[in-house]
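Below is one structure; the comments refer to it alone.
Note: hydrogens, waters and symmetry copies are ignored here, and every other heavy atom, side chains too, is used. A, B, ... follow the sequence lines: proteins, then strands. Residue 1 opens every chain. Nothing here was measured: the structure is a model prediction, and the numbers come from that model.
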Number of protein chains: 2
Amino acid sequence: MKMSGGVEWALHCCVVLTGATEPVPAARLAAFHDVSPTYLAKQLQALSRAGLVRSVQGQAGGYQLTRDPQAITVLDVVEAVDGRQSAFVCTEIRQRGPFAATPEQCRVPCGIASVMYDADRAWRDSLRATTIADLAGRVGRDVGPETLPRAREWMAGRSG
Amino acid sequence: MKMSGGVEWALHCCVVLTGATEPVPAARLAAFHDVSPTYLAKQLQALSRAGLVRSVQGQAGGYQLTRDPQAITVLDVVEAVDGRQSAFVCTEIRQRGPFAATPEQCRVPCGIASVMYDADRAWRDSLRATTIADLAGRVGRDVGPETLPRAREWMAGRSG
DNA sequence: TTGTTTCCGGACAGTCTTTATCCGAGTTGA
DNA sequence: TCAACTCGGATAAAGACTGTCCGGAAACAA
Ligand code: SF4
Ligand code: SF4
């Protein structure tokens with residue numbers, strides 16, 4: 001029951017991209033967070049596949065958000081990186097053993113699976129309620145008002 | 001983001017133990033579900049450590065619930081087997097890189113972590129809303145009214 | 001055109017958690 | 001007393017996650 005650590009990286013990258021006006025290279029994002037550049041690239045590719053960020057190739061290329069930060073939820077990022085399926089996977093053990101249920105009795109998910117899926121839905125609903133814009137606003141408030149412009153400037157610059 | 005498969009086994013065992021009047025050996029429970037006896041034993045040990053079931057040793061030993069099934073929630077079982085900590089673990093990457101936050105700024109969890117913890121709380125609340133008794137009732141309804149007494153009889157018997 | 005910068009995708013080790021198994025300690029019942 | 005049966009924790013095998021690498025393709029500048 002452990003979520004992929006890359007989710008945290010991806011969320012941080014999305015927040016940082018909120019304040020960027022030009023495409024930001026993956027290497028720059030990795031240097032900003034001091035994490036493995038190659039592994040972060042993998043997470044960014046997942047985001048790109050999900051359509052959350054657009055990848056611009058070429059000399060001034062990099063990544064940028066495809067839509068308004070207000071239209072991207074935390075759930076979108078989590079599902080893009082960590083997968084879309086429920087944490088609970090039913091092994092259908094009720095169809096095994098001496099008192100196995102018949103396949104016709106297993107048309108509908110049993111009570112155990114239902115409870116698990118309901119909980120998973122509640123989890124996802126909670127994540128869907130917050131957008132990247134909300135996160136960016138809160139992070140900006142936490143870190144102080146003068147840091148964000150400096151970070152934005154560092155992103156645009158050549159070396160840091 | 002995958003939950004331990006043993007959670008499903010443990011929940012099934014708790015439901016089965018609902019209708020047992022004497023201690024049921026782990027081997028019997030394993031045979032009932034046709035799963036690895038030794039590995040199931042490990043899950044039962046976790047349940048025992050959490051105080052959900054009582055282990056009776058000796059010749060007629062086995063496992064039995066410690067309290068009323070109505071007083072055991074699904075969350076209790078999940079936390080006993082799969083652990084009690086949140087799926088999201090913060091790596092504190094905000095303290096790394098050229099724009100690292102100072103430790104005094106990191107007294108409180110940031111917005112990203114807060115959202116994750118809130119979602120985790122919603123998940124746990126949802127699991128806490130259902131008890132083992134509810135599950136047993138629903139499973140009994142799904143599987144038909146005549147199966148449960150037969151299963152109970154099989155549990156008490158010697159071989160089968 | 002040519003060269004540089006950048007992303008993309010898959011193939012490849014290292015590391016950690018999950019899965020599965022074994023044998024000894026302890027208890028019950030005869 | 002004795003024997004049989006049980007749980008319990010320590011011990012290997014398997015798989016998933018983490019991290020790395022390289023060749024290819026696309027865009028831009030000279
Ligand atoms: S009873 Fe529910 S949890 Fe168990 S195998 Fe069937 S669907 Fe899965
Ligand atoms: S900003 Fe939040 S998620 Fe990121 S390292 Fe800090 S506490 Fe963790």
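- If you check dG19(D), dT19(C), dA20(C) against the side chain of Lys2(B), the one that comes closest is dT19(C).
- Rounding to whole angstrom units, CE of residue Met1(A) and P of dT19(C) are separated by 13 Å.
- Among the atoms of the strands shown, none is found under 4.0 Å from any heavy atom of Gly6(A).
- Checked by atom type and distance alone, the side chain of Gln105(A) pairs as donor or acceptor with a backbone atom of Val143(B) at under 3.5 Å.
- Atom NZ of Lys42(B) and atom P of dT17(C) are 15 Å apart (whole Å).
- Listed pair Arg49(A) / dC8(C) fails the phosphate criterion, with no side-chain N or O lying under 4.0 Å from OP1 or OP2.
- dA20(C) atom C1' lies 12 Å from atom CG of Leu40(B), rounded to whole Å.
- Candidate nucleotides dT18(D), dT6(D), dT21(C) were compared by shortest atom distance to the side chain of Tyr39(A), and dT18(D) ranks first.
- If you find the closest nucleotide of DNA chain C to Gln59(B) and to Asp82(B), the one lying nearer the 5' end belongs to Asp82(B).
- Counting only heavy atoms from C-beta outward, the side chains of Phe88(A) and Asp120(A) never approach each other to under 4.5 Å.
- At a threshold of 4.0 angstrom between heavy atoms, the contacts of Ala26(B) are confined to the sugar-phosphate backbone, with no base atom among them.
- When the nucleotides dC21(D), dG8(D), dA20(C) are ranked by their closest atom to the side chain of Ser55(B), dG8(D) comes out on top.
- Closest non-hydrogen pair, Asp34(B) versus Gly97(A), comes out as CB-N, 3.7 Å.
- Protein atom CD of Gln43(B) is 13 Å distant from nucleotide atom P of dG8(D), rounded to whole Å.
- Just one residue in the list Val53(A), Val16(A), Leu29(A) forms a side chain to side chain contact (heavy atoms under 4.5 Å, CB included) with Val24(A), and that residue is Leu29(A).
- Remark: C1' of dC5(D) and CZ of Arg28(B) are 13 Å apart, rounded to the nearest angstrom.
- The shortest side-chain heavy-atom distance between Thr21(B) and Gln64(B) does not fall under the 4.5 Å cut-off.
- When each of Ser48(A) and Ser36(B) is assigned the nucleotide of DNA chain C bearing its nearest heavy atom, the one mapping closer to the 5' terminus is Ser48(A).
- In this structure, CZ of Arg54(A) is placed 12 Å from P of dA27(D), rounded to the nearest angstrom.
- When each of dG9(C), dG8(D), dT19(C) is scored by its nearest atom to the side-chain atoms of Gln45(A), the top-ranked nucleotide is dG9(C).
- Across the protein-nucleic acid pair, Leu44(B) atom CG and dA20(C) atom P stand 15 Å apart, rounded to whole Å.
- Residue contacts for Thr38(B): at a heavy-atom cut-off of 4.0 Å it reaches a base atom on one of the strands shown.
- Toward the 5′ end of DNA chain D lies the nearest nucleotide of Trp9(A), the other residue of the pair Trp9(A) and Gln57(A) mapping further downstream.
- Between Ser4(B) and dT17(C), a side-chain N or O to OP1/OP2 separation shorter than 4.0 Å is absent.
- Atom pair Gln85(B):CD and dT17(C):C1' shows a separation of 12 Å (rounding to whole Å applied).
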